[in-house]
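Just so we're on the same page: letters track the sequence lines, and every chain starts at 1.
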There are 2 protein chains.
Amino acid sequence: MQRPTIKTIAQETGLSIATVSKALKHSPQVRPETRAIVIEAAERVGYELNMHGVQLRTGKTYQVAAIMTAPGPKQNEWEGVEYAQLLSGISWALEDSPYRVSLYAVRNFDESQAIIKQIVSLKKADGIIISGTRADDPRIRTMQAADFPFVTYGTSVHNAPHAYVDADNEQMIRVSMARLVERGHRRIALLNPLSDLSYGITRFESYRRALETAGLPFDPALVAHGRLTPAFGRENVLTMSDLSNPPTAYICANEASALGAFSGFHERGLVHGRDAVINATDDLNVSQYFAPPITTYYLPISEPSSLLGAYILRRMEGEPPEALQTLLMPKLIERCDDRLTAIR
Amino acid sequence: MQRPTIKTIAQETGLSIATVSKALKHSPQVRPETRAIVIEAAERVGYELNMHGVQLRTGKTYQVAAIMTAPGPKQNEWEGVEYAQLLSGISWALEDSPYRVSLYAVRNFDESQAIIKQIVSLKKADGIIISGTRADDPRIRTMQAADFPFVTYGTSVHNAPHAYVDADNEQMIRVSMARLVERGHRRIALLNPLSDLSYGITRFESYRRALETAGLPFDPALVAHGRLTPAFGRENVLTMSDLSNPPTAYICANEASALGAFSGFHERGLVHGRDAVINATDDLNVSQYFAPPITTYYLPISEPSSLLGAYILRRMEGEPPEALQTLLMPKLIERCDDRLTAIR
DNA sequence: ATGGACGATAAAAACGTTTAACTTCGTTGT
DNA sequence: ACAACGAAGTTAAACGTTTTTATCGTCCAT
């Protein structure tokens with residue numbers, strides 16, 4: 001038996017397919033009684049809308065492209081693991097809509113740019129979600145030029161206003177620095193994402209301002225930019241702890257680099273809380289299982305991800321981007337005092 | 001300007017759209033000279049195949065559904081993070097094909113079953129990739145009954161033969177146990193996945209056989225089944241280390257539970273290598289950053305994931321499932337000796 | 001010469017939906 | 001009484017492909 005179509009319902013009810021179509025989408029052109037008949041028949045025959053017909057006719061794809069930047073299959077680093085929860089959050093946010101998440105894995109920025117151009121020009125999706133935004137992001141310009149709906153996870157600086165969701169990195173670093181300074185720290189290291197990423201810049205600038213506020217000197221040796229892998233955290237601890245005047249606190253941009261920093265502590269024989277402390281930003285609530293647990297700024301990744309999903313839906317409905325901008329403040333979770341026992 | 005279609009090319013070349021269509025798909029019915037003309041015109045006008053037309057006509061979706069089981073947005077546990085790399089591996093394997101990965105995030109087994117029924121009956125995809133297989137998996141039966149192409153990450157026991165990729169859990173546990181026994185361990189704990197999962201059963205049975213081989217008694221207090229979160233690892237170490245005769249080795253089924261086990265060590269004041277050791281299976285190469293680094297069986301998740309992608313493609317081409325079954329043996333990485341200093 | 005087979009292309013139908021344009025008929029206002 | 005109108009449906013075209021069937025020469029065997 002063939003799958004029923006609107007034609008089936010038309011024959012079943014004696015109406016035309018046009019009326020059936022209109023009835024099913026609640027057009028005001030059809031009488032409530034007629035609609036009831038159509039709905040009844042649709043349920044009776046087990047009708048389900050065939051998207052292919054809709055897509056061809058309307059040109060809409062009902063796909064939301066999620067661009068996921070992950071390192072190539074050769075490098076097996078603990079990186080980008082938060083994408084799993086990001087994607088499921090987005091997927092759930094679209095659950096009650098006709099939209100599906102279509103996944104585009106790319107290896108680097110250039111590939112993401114190429115993919116986006118393709119999606120936009122060939123209309124392979126109705127909306128795009130990207131992350132890893134740069135201060136001046138050409139991908140954003142591409143999408144804006146084509147008037148294509150999109151939402152970014154991360155802000156940009158030099159682009160025209162667009163829909164975004166991000167953690168409030170400025171505030172987070174400011175509060176974090178003030179708290180550490182208050183606890184006696186004078187040499188604070190910043191393990192930062194790649195410097196072309198927008199949030200890397202935000203964090204760095206906030207860091208510098210916090211130093212000024214506290215009257216502390218800026219030392220470039222205490223700032224590192226890189227891919228936020230455990231290796232990155234480890235190597236920077238190894239290097240910085242060898243300085244003649246090593247840091248007593250490390251601010252890590254994610255849980256992966258914090259884990260790596262611990263590995264560096266272990267290698268150098270440093271004791272957390274005695275020689276130095278580690279603070280981090282945590283999306284996955286994993287820092288509580290570190291030994292010892294560390295102080296983190298915790299933003300459950302489900303929050304930004306469901307917002308991203310909600311925003312792309314609203315953006316595709318035509319809502320202006322200015323109304324779809326949110327900075328989320330992570331919650332401070334103090335798992336240790338972070339005063340050095342040696343300093344006291 | 002409108003996007004060019006085969007009609008555009010037909011007008012451009014003076015041929016019919018039928019010939020253009022055939023020429024573009026290398027049908028033997030069209031003369032090579034004619035084909036050359038068509039190809040040239042297609043390139044000149046910048047023609048790209050419109051999938052919506054194809055989909056409506058052929059009924060194919062060119063979508064591969066990836067079912068991703070992740071805990072709901074409320075629970076923010078470090079769980080399922082390897083999905084990110086699994087998905088990107090699959091996505092890359094499909095890169096040169098016309099297929100795209102369509103993501104379906106579900107919260108539990110029942111939801112995945114419902115989604116799969118829907119995908120199969122409404123033909124929302126041409127192939128399905130699932131994980132978390134059970135010994136007797138009703139989802140597999142659903143797909144087989146409908147003769148629907150699919151590949152599983154994980155084996156099943158009672159189902160008819162199907163395409164799968166998995167780690168060789170039997171061998172891994174056997175080797176792992178023999179190695180620990182050889183190093184003097186007599187009380188070995190198994191931190192296992194949920195007992196309804198196929199690989200949980202495989203691991204458990206292999207564990208029991210290994211005990212028999214070594215002439216060691218089976219103690220149910222040393223085996224735990226559960227969701228492989230850090231919390232699970234931690235709690236079981238807390239419980240088991242309180243036994244009158246606590247284990248001297250913990251075999252963890254993934255890196256998340258191993259991290260949690262470390263957290264339990266820290267809480268109890270246990271020292272790795274003195275009081276007990278932790279061995280694990282590692283997909284993400286993160287155990288090297290634990291303090292201290294531990295011995296793991298490492299299977300870079302890129303390997304199974306690219307196989308999954310390759311297999312679903314071949315399965316959709318009609319290749320029989322028996323030819324598409326692979327068990328991958330993880331590589332043993334000895335990061336410490338794992339002999340207890342106290343035992344010697 | 002005639003018929004048939006074959007090779008290359010064209011014509012047309014079909015996939016399932018939406019929507020602009022049109023018909024029909026009853027109601028309303030003058 | 002009649003034009004104008006509105007409500008509720010219908011007709012038909014269109015979206016871009018693929019594929020079955022038809023057409024039209026050309027070549028070959030008889």
Among C/dT19, C/dT9, C/dC15, the nucleotide that comes nearest once only the side chain of B/L56 is considered
C/dC15

Want to settle it: does A/A18 or B/V54 sit nearer the 5' end of DNA chain D, counting the closest nucleotide to each?
A/A18

Within the structure, does a side-chain N or O atom of B/S21 lie under 4.0 Å from either OP1 or OP2 of D/dG16?
no

Test applied, side-chain contact (heavy atoms from CB on, under 4.5 Å); reference residue, A/F150; option that passes from A/R315, A/Q144, A/R139
A/Q144

Hey, which sits more toward the 5' end of DNA chain C by its nearest nucleotide, B/G14 or B/T58?
B/G14

Check this for me: does the side-chain of A/R57 come within 3.5 Å of the base of D/dA14 through a donor and an acceptor?
yes

Length of the line joining B/I6:CD1 and C/dA11:C1', which is rounded to integer Å:
13 Å

Any B/T19 side-chain N or O less than 4.0 Å from OP1/OP2 of C/dT9:
no

Judged by each residue's nearest nucleotide on DNA chain C, which is more toward the 5′ side, B/Q29 or A/E48?
B/Q29

Output the single nucleotide from C/dT9, C/dT17, D/dT17 whose closest atom is nearest the side chain of B/N50.
D/dT17

With the side chain of A/L49 defined as its heavy atoms from C-beta on, choose the nearest nucleotide among C/dT17, C/dT9, D/dT19.
C/dT17

For B/L103 and A/I90, run side-chain contact (heavy atoms from CB on, under 4.5 Å): C-alpha distance rounded to whole Å, both residues' side-chain angles, the deciding distance at 0.1 Å, then the answer.
CA-CA 10 Å; B/L103 190 68; A/I90 295 170; over 6 Å; no

Write down the distance between OH (A/Y62) and P (C/dG16), rounded to a whole number of angstrom.
18 Å

With no hydrogens and no angle check, just 3.5 Å: does a side-chain donor-acceptor pair link B/S156 and B/S198?
no

Figure out the CD/C1' separation between B/Q11 and D/dG16, and round it to whole Å.
13 Å

Should we say atom NZ of A/K123 is surrounded by more than 12 heavy atoms from elsewhere, each under 6.0 Å from it?
yes

Nearest-Å distance, CD (A/Q2) to P (C/dT17)?
12 Å

Charged N to carboxylate O below 4.0 Å: is that the case for B/E95 and B/R100?
no

Quickly work out the B/I9 CD1 to D/dT17 C1' distance and round it to whole Å.
12 Å

Of all the nucleotides listed (C/dC15, D/dG9, C/dT18), which has the minimum atom distance to the side chain of A/L15?
D/dG9

Tell me: NE2 of A/H26 to P of D/dA8, nearest whole Å?
16 Å

Any base atoms under 4.0 Å from B/T5, or only sugar-phosphate, or nothing? Heavy atoms, all strands.
sugar-phosphate

Considering all heavy atoms of both residues, which atom of B/R35 and which atom of B/V30 are nearest to each other, and what is their separation?
NH2-O, 3.6 Å

Should A/K25 be listed as having a side-chain N or O under 4.0 Å from OP1 or OP2 of C/dT19?
yes

Integer-rounded Å distance: C/dC6 C1' and B/R31 CZ:
14 Å

Do A/K22 and D/dT10 share a donor-acceptor pair, side chain to base, under 3.5 Å?
yes

Heavy atoms under 4.0 Å, any strand shown: does A/I17 hit a base, just sugar-phosphate, or nothing?
base

Integer-rounded Å distance: D/dG16 P and B/Y47 OH
10 Å

